[in-house]
There are 2 protein chains.
Amino acid sequence: MTTPTNQDGERRRGRRPGGTDTRAALLTAAREVFSEQGYDNATVRAIARRAEVDPAMVNHWFGGKESLFTEAVLELPFNPQERIAELAKGDLDTLGERVVRTFLTSWDVQDGGIFAALIRSVASRERVASALKEFFQRSVFGQLTEVADDSAELRANLLATQMIGLGVVRYVARFEPVASAGVEVLVKAVGPTVQRYLTGSID
Amino acid sequence: MTTPTNQDGERRRGRRPGGTDTRAALLTAAREVFSEQGYDNATVRAIARRAEVDPAMVNHWFGGKESLFTEAVLELPFNPQERIAELAKGDLDTLGERVVRTFLTSWDVQDGGIFAALIRSVASRERVASALKEFFQRSVFGQLTEVADDSAELRANLLATQMIGLGVVRYVARFEPVASAGVEVLVKAVGPTVQRYLTGSID
DNA sequence: GTCTATACAACGATAGAC
DNA sequence: GTCTATCGTTGTATAGAC
């Protein structure tokens with residue numbers, strides 16, 4: 001790596017002077033751009049331009065567009081991408097049960113309040129709603145069906161219907177007995193549905 | 001006793017003098033009491049007392065508490081109870097598909113806006129939200145599983161997860177392809193899930 | 001006279017107190 | 001278990017509108 005410093009018009013390479021917080025600047029810029037443009041339309045370059053840093057900084061600090069979105073907008077206590085990656089490692093025959101188990105243990109924290117807040121955002125007409133929807137459709141539900149050759153999008157949508165519905169009933173509407181049921185009871189009950197949506201016959 | 005009495009202390013029987021609108025008075029009173037007390041806690045007697053009429057008038061004008069709630073609070077373009085009664089008539093082996101078909105054809109009107117509005121009410125902290133939740137848990141989802149001897153409540157909740165999730169994805173989040181899919185495609189895909197939740201093995 | 005909106009009593013179910 | 005209170009609902013007689 002060469003580190004020549006020319007003072008005439010070109011940006012200086014290498015580490016910026018102390019005192020600037022690139023990471024925080026990216027988070028602020030990301031929240032603005034995502035809420036203005038939605039998830040798909042927002043570009044990493046536009047976010048970097050708004051933060052007045054190099055686009056490569058997004059990868060350096062957050063590992064990519066998806067993770068930046070997760071950290072800046074969702075502010076979840078877990079990383080969806082990491083959990084999905086874990087799921088993809090296991091046996092395909094037990095994927096349905098594992099999806100339900102991971103879903104419940106992920107959202108069961110804070111009495112389901114985080115999921116409830118998310119649903120309220122999507123249900124209302126907030127600016128972030130479309131960004132949220134795009135992110136979940138593409139990067140969460142879509143991720144698990146990318147192996148499926150045909151009707152992958154339909155499978156992803158069907159998965160979404162069951163998981164979102166489960167979350168709404170347990171965390172938002174709080175119907176009993178599902179609201180207080182143990183995780184494994186719901187894994188047994190809902191797992192086969194998810195398994196079929198992901199790998200079974202749907203027509 | 002807050003019922004109106006004449007000079008002798010007896011209530012006048014028979015048709016009231018012209019100009020009184022018992023039906024409208026009940027509707028107004030019902031909206032107030034349901035939003036204050038929720039669905040279960042609100043009593044027909046309390047609503048009638050508020051409207052200053054006899055409790056039997058609820059049955060005469062609306063056919064019962066459920067129908068009064070439907071007309072006063074939900075203001076739907078269809079009657080949930082009637083649709084459910086239709087479903088109960090048919091073959092138990094095809095109940096899953098028929099539930100999905102009836103659900104979709106009922107809410108597909110007005111581009112799903114009525115369902116979306118309902119979800120927004122439940123998600124927000126409106127006063128009517130708890131009444132809505134109680135009504136749907138007891139009188140809609142619960143109605144279809146009252147034949148099941150054991151775990152009827154769990155089955156009703158599971159049914160709710162799938163149907164609410166389907167509605168949220170199709171009418172609120174509007175994920176594609178489910179948002180634009182034909183009814184029969186979704187009947188084939190989701191019907192088996194509902195059938196299992198209603199009549200199959202869930203543990 | 002006919003129709004019907006009304007009032008009142010009573011029934012079966014259910015939940016809570018004791 | 002028993003008792004009590006209250007619920008939603010039903011049956012029926014009647015008063016007033018037509």
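In what follows, chains carry the letters A, B, and so on, assigned in the order in which the sequence lines appear, proteins first and then strands, with residues in each chain numbered from 1. Keep in mind that this is a model prediction, so the values were computed, not measured. All values below were derived from every heavy atom in this structure, side-chain atoms included, with hydrogens, water molecules and symmetry-related copies excluded.
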Find the distance D40(B):CG to dC7(D):C1' and express it as a whole number of Å.
12 Å

Which is it for Y197(B) and T161(B) under the side-chain hydrogen bond (donor to acceptor under 3.5 Å, both in side chains) test, yes or no, and what are the steps along the way?
CA-CA 10 Å; Y197(B) 288 162; T161(B) 67; 4.9 Å; no

For a quick check of understanding: with a heavy-atom distance under 4.0 Å over all strands, which category does A42(B) fall into, base, sugar-phosphate or nothing?
sugar-phosphate

To the nearest Å, how far apart are D21(B) CG and dT4(C) P?
17 Å

Selection: residues 56-66 of chain B, any non-hydrogen atom under 4.0 Å of DNA chain C:
A56(B), M57(B), H60(B), W61(B)

Mind checking what makes ring pair (Phe, Tyr, Trp, His ring centres under 6.0 Å) contact with F62(B), not counting sequence neighbours?
none

Partners of E176(B) by salt bridge (charged side-chain N to carboxylate O under 4.0 Å, His left out), sequence neighbours excluded?
none

Within this structure, what is the CG-to-C1' distance between N41(B) and dG8(D), rounded to whole angstrom?
15 Å

Rounded to the nearest angstrom, tell me the gap between atom CZ in F69(B) and atom C1' in dT9(D).
19 Å

According to the interplanar angle, ranging from 0 to 90°, do the rings of W107(B) and F78(B) count as parallel (below 30°), tilted (30 to 60°) or perpendicular (above 60°)?
perpendicular

What class does the angle between the rings of F136(A) and F141(A) fall in, given that below 30° is parallel, 30 to 60° is tilted and above 60° is perpendicular?
tilted

Atom CG of residue position D91(A) - does it have more than 12 heavy atoms of other residues, nucleotides or ligands inside 6.0 Å?
yes

Salt bridge (charged side-chain N to carboxylate O under 4.0 Å, His left out) partners of residues 64-73 of chain A, not counting sequence neighbours, each pair once
R23(A)-E71(A)

Whole angstroms only, please: what is the CD-P distance between Q37(B) and dG8(D)?
11 Å

Say whether Y171(A) and D111(A), considering side chains only, have a donor N or O and an acceptor N or O under 3.5 Å apart.
no

Output yes when at least one side-chain N/O atom of T22(B) is less than 4.0 Å from OP1 or OP2 of dT6(C), else no.
yes

Could you tell me, to 10°, how much the axis swings from one end of the helix from dG1(C)-dC18(D) to dC18(C)-dG1(D) to the other, five pairs per end?
0°

More than 12 heavy atoms of other residues, nucleotides or ligands under 6.0 Å from CD of E32(A): is that the case?
yes

In whole angstroms, how far is the C1' atom of dT12(D) from the CG atom of D54(B)?
13 Å

Q137(B) and N157(B), any side-chain heavy atoms less than 4.5 Å apart
yes

Along nucleotides 10-17 of chain C, 5' to 3', which nucleotides get a B, which get an S, and which get a -, given that the test is a protein heavy-atom distance under 4.0 Å?
B-------

Is the closest basic N to carboxylate O distance between R83(B) and E86(B) below 4.0 Å?
no

Can you tell me how far P of dT6(C) sits from CZ of R23(B), to the nearest Å?
12 Å

